[in-house]
Amino acid sequence: MATVTLDQVKFAWKPGAPVIDIPKCEIQSGEHIFIQGPSGSGKSTLLNLLTGLLLPQSGEIKIAGCSITSLSPSERDRFRADHVGFIFQMFNLLPYLSLRDNVMLACRFSTLRKQRAIAQAGSVAQAADQLLIELGLEKQLSKRLPVAELSVGQQQRVAVARALIGSPDVLIADEPTSALDRTTRDTFIQLLLKEVSQRNSTLLLVSHDDTLSPFFDRTLSLHQINCAGASDAI
Ligand SMILES: Nc1ncnc2c1ncn2[C@@H]1O[C@H](COP(=O)(O)OP(=O)(O)OP(=O)(O)O)[C@@H](O)[C@H]1O
């Protein structure tokens with residue numbers, strides 16, 4: 001079953017200069033997709049359309065069976081909190097909070113994810129701890145460190161735990177490895193893929209780094225799926 005569907009989606013920041021023009025794209029439930037394209041080709045714009053932060057000028061985007069392009073802004077916000085987990089390039093963790101509190105935050109904005117976390121682990125705190133331990137952060141968790149005292153690779157693993165708590169249908173990762181060295185990067189990607197597989201979440205990961213492609217089920221090249229083909233992409 002398709003988890004993400006784009007149908008005749010067109011978006012332009014300025015009239016007459018389309019950045020996204022995707023006639024058709026389907027991503028199946030549980031697929032691990034690598035989205036690649038040069039700088040300026042529209043990767044971030046596409047992610048913002050998929051999460052409903054931007055609305056296309058025309059066309060339809062469906063996530064987990066819901067047409068997000070038909071929702072009101074507040075419905076889209078709620079849908080995003082319930083169904084989409086994010087991993088950002090710069091993590092976007094709250095530095096003064098503990099590891100557990102950072103992870104639990106995702107459930108504060110979504111009753112659905114909170115209920116799933118409780119059903120899976122007994123409580124949201126236990127679900128957060130379980131994920132952090134699976135991701136190799138037991139020592140840092142027990143010391144109750146603020147995330148500001150973690151290494152870059154450790155912070156990125158906290159960001160993964162936050163994105164995964166309450167098992168969202170779709171996980172979106174925007175250049176999540178750009179701050180990691182090669183060895184940490186490979187370990188991180190393997191761990192991320194293991195965790196999303198366990199939850200049967202669909203993963204969409206964007207990166208400039210083409211050497212990540214072999215880790216994924218499928219690579220979507222913006223050049224191939226996007227007819228807009230931004231002329232200034234490098
Ligand atoms: N807020 C904005 N306002 C106007 N134009 C924008 C805006 N954001 C991006 N663009 C334009 O849209 C095009 C695609 O940008 P986008 O950021 O989606 O590319 P990208 O592939 O994510 O690039 P990078 O890999 O460098 O982050 C570029 O031509 C860019 O100038």
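Counting convention: from 1, in listed order, for ligands and their atoms alike. We're numbering straight along the sequence, starting at 1.
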> What's the shortest heavy-atom distance between Thr51 and Ile172, and which atoms?
CG2-CD1, 3.6 Å

> Could you tell me which non-hydrogen atom of Leu145 sits nearest to which non-hydrogen atom of Leu99, and how far apart they are?
O-CD1, 3.3 Å

> Please identify which atoms of ligand 1 are closer than 4.0 Å to at least one heavy atom of Pro38.
21 (O)

> Under a 4.5 Å cut-off applied to non-hydrogen side-chain atoms, are Glu75 and Asp77 in contact?
no

> Checking the N or O distance criterion of under 3.5 Å, is ligand 1 in contact with Gly40?
yes

> I need the minimum non-hydrogen distance between Ile87 and Pro176, along with the two atoms involved.
CG2-CB, 3.9 Å

> Using heavy atoms and a threshold below 4.0 Å, how should the contact between Lys14 and ligand 1 be classified: side chain, backbone, both, or neither?
neither

> Taking non-hydrogen atoms only, is Thr45 closer than 4.0 angstrom to ligand 1 via side chain, backbone, both or neither?
both

> Under 4.0 Å from a heavy atom of Lys43: give me the atoms of ligand 1 that qualify, with their elements.
18 (O), 19 (O), 20 (P), 21 (O), 22 (O), 23 (O), 24 (P), 25 (O)

> Under 4.0 Å between a side-chain nitrogen and a carboxylate oxygen: does that hold for Lys62 and Asp7?
no

> Which atoms of ligand 1 sit under 4.0 Å from any heavy atom of Ser41?
19 (O), 21 (O)

